[in-house]
Amino acid sequence: MTAPTHTPSSHTPTMPTSAGGTLHEPVIDWFDAHARDLPWRRPEAGSWGVMVSEFMLQQTPVNRVLPVYEQWLARWPRPADLAKEAPGEAVRAWGRLGYPRRALRLHGAAVAITERHGGDVPTEHAQLLALPGIGEYTAAAVASFAYGQRHAVLDTNVRRVLARAVTGVQYPPNATTAAERRLARELLPDDERTASRWAAATMELGALVCTAKNETCQRCPIAAQCAWRLAGKPAHDGPARRGQTYAGTDRQVRGKLLAVLREALAPVPQAVLDRVWDEPVQRARALDGLVSDGLVEPLPGGLYRLPLT
DNA sequence: TAAACGTGGTT
DNA sequence: TAACCAAGTTT
């Protein structure tokens, strides 16, 4: 649909409202036409559904989250339902999503919500931020997606979209900068409802079209205005991202240990855990780490299990 | 600020 | 195949 291009009067190219004025409508229209039908976007998900999805989506792809999300919400439809479970049950139900401390923190957040907020996911950004496992991104995402508030929601997708469309570079910096936050705030539509749709739309655009590799500019609603594309899509010049090695790390050992405990119905003898890794020093360090993180509970007699408390 | 923290699909 | 990538948070 060709909407009237109410061109801003400003001529300064650095004027953020100018950039936003040309981006908001096409991106939101694209979102309305192409957004995925994800369960946490349906009205029946509620704020708890949104919050659970945000925890699970921290560093884990949508396709792997979907089945676990459905099981989780069916089993614990409200924060209080999760709060009265043993934390180890949350770790077990987390399955193979990775970074199982998120499960522990989500359980802790449910406890805090039950104790401090009457069982309802808080509506204020500051209250959300105070919950375990919720940082700047997740607080803004829950406030925006669950409650329709106006917040800059700056995740890896949005950062990449803004880096390309506005800044004209292929990739954002390794760590989020103050300049990125400022830009995201400046681009935020004034209207609350429009701002929350903008947040979801830019995230979806980064996830589906403006991807890290093999971006499909033919399907991009703002390709004509994209600074990176207009510059000839120059390759990233800065330092390459440090690759995350995994094989042979403590993380891998922790993963193997926890996998055994997730499947076990009864406390597991140390000897059984010993079979997952042959190097004893690293194995012991990994197990100690899991215990000190609260992911594993040691019992008398050299037995281990997921935490009951 | 950097490093730790899981897991599996894709290139 | 090794490296990269995926809706980050915490210390």
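A, B, ... follow the sequence lines: proteins, then strands. Residue 1 opens every chain. Only a predicted model underlies this, so the values are computations on that prediction, with no experimental measurement involved.
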Note: with side-chain heavy atoms under 4.5 Å as the link, the other cluster members for A:Leu230 come out as none

Problem set entry | SB check A:Lys233 A:Glu215 (cutoff 4.0 Å) | yes

Atom CD of A:Gln252 and atom C1' of B:dG8 are separated, to the nearest Å, by 13 Å

Whole-Å distance, A:Leu66 CG to B:dT7 P, equals 19 Å

Exercise. Taking only Lys NZ, Arg NE, NH1 and NH2, and the carboxylate oxygens of Asp or Glu, determine whether A:Glu192 and A:Arg150 approach each other closer than 4.0 Å.
Key: no

So, with a heavy-atom separation below 4.0 Å from DNA chain C, the residues of residues 123-142 of chain A are A:Pro132, A:Gly133, A:Ile134, A:Gly135, A:Glu136, A:Tyr137, A:Thr138

Whole-Å distance, A:Gln282 CD to B:dA4 C1', equals 14 Å

Show the atom names and distances, to 0.1 Å, of all donor-acceptor pairs under 3.5 Å that link a side chain in residues 110-135 of chain A to residues at least two apart or in another chain.
| from | atom 1 | to | atom 2 | distance (Å) |
| --- | --- | --- | --- | --- |
| A:Thr114 | OG1 | A:Ala110 | O | 2.7 |
| A:His125 | NE2 | A:Glu136 | OE2 | 3.2 |
| A:Gln127 | OE1 | A:Glu124 | N | 3.4 |

Contacts satisfying side-chain hydrogen bond (donor to acceptor under 3.5 Å, both in side chains) that involve residues 286-295 of chain A (not counting sequence neighbours) are A:Arg254-A:Asp293

Sorted by chain and number, sequence neighbours left out, salt bridge (charged side-chain N to carboxylate O under 4.0 Å, His left out) with A:Arg36 holds for A:Glu204

So, with a heavy-atom separation below 4.0 Å from DNA chain C, the residues of residues 254-271 of chain A are none

Residues A:Ala227 and A:Gly168: closest non-hydrogen pair is CB-CA, 3.6 Å

For A:Ala264 and A:Arg92, the nearest pair of non-hydrogen atoms, with its separation, is O-NH1, 2.9 Å

Rounded to whole Å, CG of A:Leu290 lies from C1' of B:dG6 at a distance of 11 Å

| message | Assess whether a salt bridge exists between A:Arg75 and A:Asp81, defined as any Lys/Arg side-chain N lying under 4.0 Å from an Asp/Glu carboxylate O. | response | no

Among the nucleotides C:dC5, C:dA7, B:dG6, whichever has the atom closest to the side chain of A:Tyr246 is B:dG6

Under a side-chain separation threshold of 4.5 Å, the hydrophobic residues clustered together with A:Leu104 are A:Val91, A:Val253, A:Leu257, A:Leu258, A:Val260, A:Leu261, A:Val268, A:Val272, A:Leu273, A:Val276, A:Trp277, A:Leu287, A:Leu290, A:Val291, A:Leu295, A:Val296, A:Tyr304, A:Leu306

Please tabulate, one pair per line, all N/O donor-acceptor pairs under 3.5 Å involving side-chain atoms of residues 45-57 of chain A, not counting sequence neighbours.
| from | atom 1 | to | atom 2 | distance (Å) |
| --- | --- | --- | --- | --- |
| A:Ser47 | OG | A:Tyr147 | OH | 3.2 |
| A:Trp48 | NE1 | A:Trp76 | O | 2.9 |
| A:Ser53 | OG | A:Val50 | O | 2.7 |
| A:Glu54 | OE1 | A:Tyr137 | OH | 2.8 |

Per the under-4.0 Å heavy-atom filter, residues of residues 44-65 of chain A near DNA chain B come out as A:Gln59, A:Thr60, A:Arg64

- Touch check for A:Trp40, heavy atoms < 4.0 angstrom, all strands: base, sugar-phosphate only, or nothing? base

Atom CG of A:Leu208 and atom P of C:dA6 are separated, to the nearest Å, by 13 Å

To the nearest angstrom, the CD-C1' distance between A:Glu204 and C:dA7 comes to 10 Å

- Can you tell me, in whole Å, how much space there is between the P of C:dT9 and that of B:dG8? 23 Å

Separation of C:dC4 atom C1' from A:His236 atom NE2, nearest Å, is 13 Å

Across all chains, not counting sequence neighbours, the salt bridge (charged side-chain N to carboxylate O under 4.0 Å, His left out) partners of A:Arg219 are none

Review point. According to a strict under-4.0 Å criterion, is A:Arg160 in side-chain N/O contact with OP1 or OP2 of C:dA6?
Key: yes

Going by chain and number, the hydrophobic cluster around A:Leu308 (ILVMFWY, side chain to side chain under 4.5 Å) further includes none

Check your understanding: Quantified in whole Å, what is the P atom distance between nucleotide C:dA7 and nucleotide B:dA3?
Key -> 23 Å

Assert: residue with more 5' nearest nucleotide on DNA chain B, out of A:Ala175 and A:Thr249, is A:Ala175

With the side chain defined as heavy atoms from C-beta on, A:Arg41 is closest, among B:dG6, B:dC5, C:dA7, to C:dA7

Rounded to whole Å, the CG-C1' distance (A:Asn174 to B:dA4) equals 16 Å

Self-check item: Note, A:Gln282 side chain near A:Asp250 side chain (heavy atom, < 4.5 Å)
Solution: yes

Residues in residues 97-112 of chain A with a heavy atom under 4.0 Å of DNA chain C, by number, are A:Arg105

Flag side-chain contact, heavy atom, 4.5 Å: A:Thr202 against A:Leu187:
no

